[in-house]
Amino acid sequence: MIETPSLVDQYCHGVLRTELGLGTFEAHLARGEGPPAAGTTFFDTQTGFAVRRWCPPLLGLEPHCPPARYLARRRELGVLEAGRRLLRGSGITTYLVDTGLPGDLTGPGEMASTGAAHAHEIVRLEPLAEQVADTSGTVESFLANLAESVHGAAASAVAFTSVAGLRHGLALAPEPPGPGEVRGAAARWLAGRRVGGELSDPVLLRHLLWIAVASGLPLQLHAGLGEPGLRIDRNDPVLLTDFARATAGLGTDLVLLHGYPYHRHAAHLAGVFPHVYADLGAALVRTGARASAVLSEILELAPFGKLLFSSGAHGLPELHVVGARLFREALAKVLGTWVAEGAWSLTDAQRVAGLIAAGNARRVYGVE
């Protein structure tokens, strides 16, 4: 039996503090651009079935119970108690929390107390730049304040994360932009934006990435599936090859988040570059009962010390549970099969499981 007693969730978000109706809950099971088609439901997805398999027992119900019954039990317990039972039942002992999304989401402190776990902050670069822009009057003050804000965030965060791929695409020029290029881009962006306007300028996105690289903290890069409306062909991690080459030897690790359906490309880059790591989160959560097949494809190419577990969960504590349970089940199935076939020893399988579940993340991020 392959055991993973401790999990470090190396990328997730907080959970919602409010009670949810059926429609709102269901919307968090899929990342679509609208409601499900008439006569269908997002519970009829791999993620929805996984929630019904793994979460009801943590709330005192039988596995696979109907969605309406599950949500009634959730409301009966209340959002705080349901969240406490779910997070503590996930087996996750450390959360690395991206705090850059809007909405009434719990932060690292609440995640730690609710889940009886450790928690640390990941700072999202683009919202940080937007906050700086909202309070800076000139181009010069914006650029100075931006550098200062990133430096200040690095003092307490365990990593930076970037959604440059979601905002523009990953086919960005790999080298840092020059000072004149940055000033020109900043002037154009500030002149045309309103307060709260999103950053999507490719020059400023590159500038942000290189400020983060200079901090020495791990830099997470979103790739593959992401926000609704995204053209995922622009988010293939292989487009980061030149950036990975340009940052080699600088002391900053790059972590390719999500990856799926380009998970083999992410695994390939993790095998080529010493400072590149691949995340398992969305690849397993999205594929549910097929998670072991996807995991085995990632393990074909990536060195075992370069893979990191995450749930990638956002909003629902159920998604932290599903991420953890699917990972454990898939890992036990894949490695257990290799042990049974004689390809691996049980000792080696257990050691690799510990690395992917927690050890690699503890080394990369320096956390408990």
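- Atom NE2 of His265 sits about 9.5 Å away from atom OG1 of Thr241, to the nearest 0.5 Å.
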Practice task
List the steps, then state whether side chain to side chain contact (heavy atoms under 4.5 Å, CB included) holds for Asp236 with Leu170.
Solution key: CA-CA 7 Å; Asp236 186 336; Leu170 294 176; over 6 Å; no
Exercise for the section: Show your working on side chain to side chain contact (heavy atoms under 4.5 Å, CB included) between Thr18 and Asp104 and close with a plain yes or no. Expected result: CA-CA 8 Å; Thr18 52; Asp104 188 23; 3.9 Å; yes
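- Ile122 has its side chain out of reach of Val97: every pair of non-hydrogen atoms, C-beta onward, lies at least 4.5 Å apart.
- A salt bridge does not link Glu3 with Arg328: every distance from a Lys NZ or Arg NE/NH1/NH2 to an Asp or Glu carboxylate oxygen is 4.0 Å or more.
- Residue Tyr11 is tested with His222, His314, His120 for a ring-ring contact (aromatic ring centres under 6.0 Å, His included); the sole match is His222.
- Annotation for Arg290: atom CZ does not count as buried by contact number, only 12 or fewer foreign heavy atoms lying within 6.0 Å.
- In this structure, the side chains of Leu316 and Val15 stay at 4.5 Å or more apart for every pair of heavy atoms.
- For Ser296 (side chain) and Ala293 (main-chain N/O), a donor-acceptor pair under 3.5 Å exists by modelled atom type.
- No donor-acceptor distance shorter than 3.5 angstrom exists from the side chain of Arg74 to the backbone of Val79, with no hydrogens or angles considered.
- Annotation: side chain of Leu257 is not in contact with side chain of Leu221 (no heavy-atom distance under 4.5 Å).
- Residues His64 and Phe49 place their aromatic rings such that the two centres sit no closer than 6.0 Å.
- Side-chain N or O atoms of Thr337 include one that pairs as donor or acceptor with a backbone N or O of Lys333 at under 3.5 Å.
- Here Glu297 contributes atom CD and Leu295 contributes atom CG; the two are 9.5 Å apart, rounded to the nearest 0.5 Å.
- Separating the SG atom in Cys55 from the CG atom in Leu61 is a distance of 11.0 Å, to the nearest 0.5 Å.
- Of the possible donor and acceptor atoms, none in the side chain of Arg124 sits under 3.5 Å from a partner among the backbone N and O of Phe160.
- A continuous path of Ile, Leu, Val, Met, Phe, Trp and Tyr side chains, each step under 4.5 Å between heavy atoms, connects Leu86 with Leu105, placing both in one hydrophobic cluster.
- Two different hydrophobic clusters hold Val8 and Ile92 under the rule that ILVMFWY side chains link at heavy-atom gaps under 4.5 Å.
- Judged by distance alone, with hydrogens and angles left aside, the side-chain atoms of Gln46 form a donor-acceptor pair with the main-chain N or O of Ala289 at under 3.5 Å.
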Exercise for the section: Tell me, with the steps shown, if Thr135 and Asn145 meet side chain to side chain contact (heavy atoms under 4.5 Å, CB included). Expected result: CA-CA 9 Å; Thr135 57; Asn145 293 341; 5.5 Å; no
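- No single ILVMFWY cluster, assembled from side-chain heavy atoms under 4.5 Å apart, contains both Met111 and Val367.
- Residue Ala246 comes nearest to Pro174 through the heavy atom pair CB-O, 4.1 Å, listed as atom of the first residue, atom of the second, then distance.
- Under the 4.5 Å side-chain heavy-atom criterion for grouping Ile, Leu, Val, Met, Phe, Trp and Tyr, Leu307 is connected to Tyr262 within one hydrophobic cluster.
- If you look at Trp210 and Phe243, their ring centroids are closer than 6.0 Å.
- Ser156 and Glu121 form no side-chain donor-acceptor contact under 3.5 Å, judged by distance and modelled atom types alone.
- The side-chain heavy atoms of Ile2 and Val352, taken from C-beta on, include no pair separated by under 4.5 Å.
- No side-chain donor-acceptor contact under 3.5 Å links Thr161 and Asp98.
- For Asn360 (side chain) and Phe304 (main-chain N/O), a donor-acceptor pair under 3.5 Å exists by modelled atom type.
- Taking all atoms of both residues into account, the shortest heavy-atom contact from Ala324 to Leu7 is CB-CD1, 3.6 Å.
- In this structure, Asp253 does not pair ionically with Arg363, as no charged nitrogen and carboxylate oxygen lie closer than 4.0 Å.
- To the nearest 0.5 Å, atom CG of residue Asp201 and atom CZ of residue Arg188 are 6.5 Å apart.
- The pair Glu140-Arg183 does not meet the salt-bridge criterion, since no charged nitrogen lies less than 4.0 angstrom from a carboxylate oxygen.
- The residues Arg75 and Glu19 are annotated as not salt-bridged, no charged nitrogen and carboxylate oxygen being separated by less than 4.0 angstrom.
- Looking at Tyr70 and Glu318, their side chains do bring a donor and an acceptor atom within 3.5 Å of each other.
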Exercise for the section: Kindly indicate, with the supporting measurements, whether the criterion side chain to side chain donor-acceptor pair (under 3.5 Å) is fulfilled by Glu126 and Ser162. Expected result: CA-CA 7 Å; Glu126 290 78 12; Ser162 170; 2.7 Å; yes
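- Taking both residues in full, the closest heavy atoms of Val182 and Pro177 are given as CG2-CG, 3.6 Å, listed atom of the first, atom of the second, then distance.
- The ring-ring contact (aromatic ring centres under 6.0 Å, His included) test with His320 is passed by exactly one of Tyr95, Phe327, Phe309: Tyr95.
- A continuous path of hydrophobic side-chain contacts links Leu172 to Leu125 [ILVMFWY only; heavy atoms under 4.5 Å].
- Of all heavy-atom pairs spanning Leu29 and Gly48, the tightest one is CD1-CA, 4.1 Å.
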Exercise for the section: Go through Ser6 and Arg362 one step at a time and tell me if the side chain to side chain donor-acceptor pair (under 3.5 Å) criterion holds. Expected result: CA-CA 11 Å; Ser6 176; Arg362 289 182 176 134; 2.9 Å; yes
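- For Leu217 against Ala159, the heavy-atom pair with the smallest separation is CD1-N, 4.1 Å.
- Side-chain contact check for Arg73 versus Leu77: some heavy-atom pair is nearer than 4.5 Å.
- Look at Arg69 and Glu62 and you find a salt bridge, because one of the NZ, NE, NH1 or NH2 atoms lies within 4.0 Å of a carboxylate O, short of that distance.
- Remark: side-chain polar atoms of Lys306 are not paired, donor with acceptor, to backbone N or O of Gly271 under 3.5 angstrom.
- No hydrogens or angles considered: a donor-acceptor pair under 3.5 Å links the side chains of Thr247 and His275.
- Between Thr287 and Leu326 there is no side-chain heavy-atom pair separated by less than 4.5 Å.
- Taking the side chain as every heavy atom from C-beta outward, Leu308 and Ile356 never approach each other to under 4.5 Å.
- In this structure, Asp279 contributes its side chain and His258 its backbone to a donor-acceptor pair below 3.5 Å.
- By the 30° and 60° cut-offs, the orientation of the rings of Phe43 relative to Phe25 is parallel.
- In summary, the side chains of Arg85 and Thr114 do not present any donor paired with an acceptor at a separation below 3.5 Å, with no hydrogens or angles considered.
- Summarising the geometry of Gly323 relative to Val285, their closest heavy-atom pair is CA-CG2, 3.6 Å, with the distance given to 0.1 Å.
- Side-chain contact, Thr41 with Glu26: a donor N or O sits under 3.5 Å from an acceptor N or O.
- A distance-only check finds no donor-acceptor pair linking the side chain of Arg325 to the backbone of Trp54 [under 3.5 Å].
- At least one donor-acceptor pair under 3.5 Å links the side chain of Asp9 to the backbone N or O of Ser311.
- Within 6.0 Å of atom CD in Glu148, 12 or fewer heavy atoms from other residues, nucleotides or ligands are found, so the atom counts as exposed in its surroundings.
- One finds a salt bridge joining Arg167 and Glu130 here, because a Lys/Arg side-chain nitrogen approaches an Asp/Glu carboxylate oxygen to under 4.0 Å.
- Ring planes of Tyr260 and His263: parallel class, angle under 30° (limits at 30 and 60°).
- Contact of the Trp189 side chain with the Leu199 side chain is registered, since non-hydrogen atoms from C-beta on lie closer than 4.5 Å.
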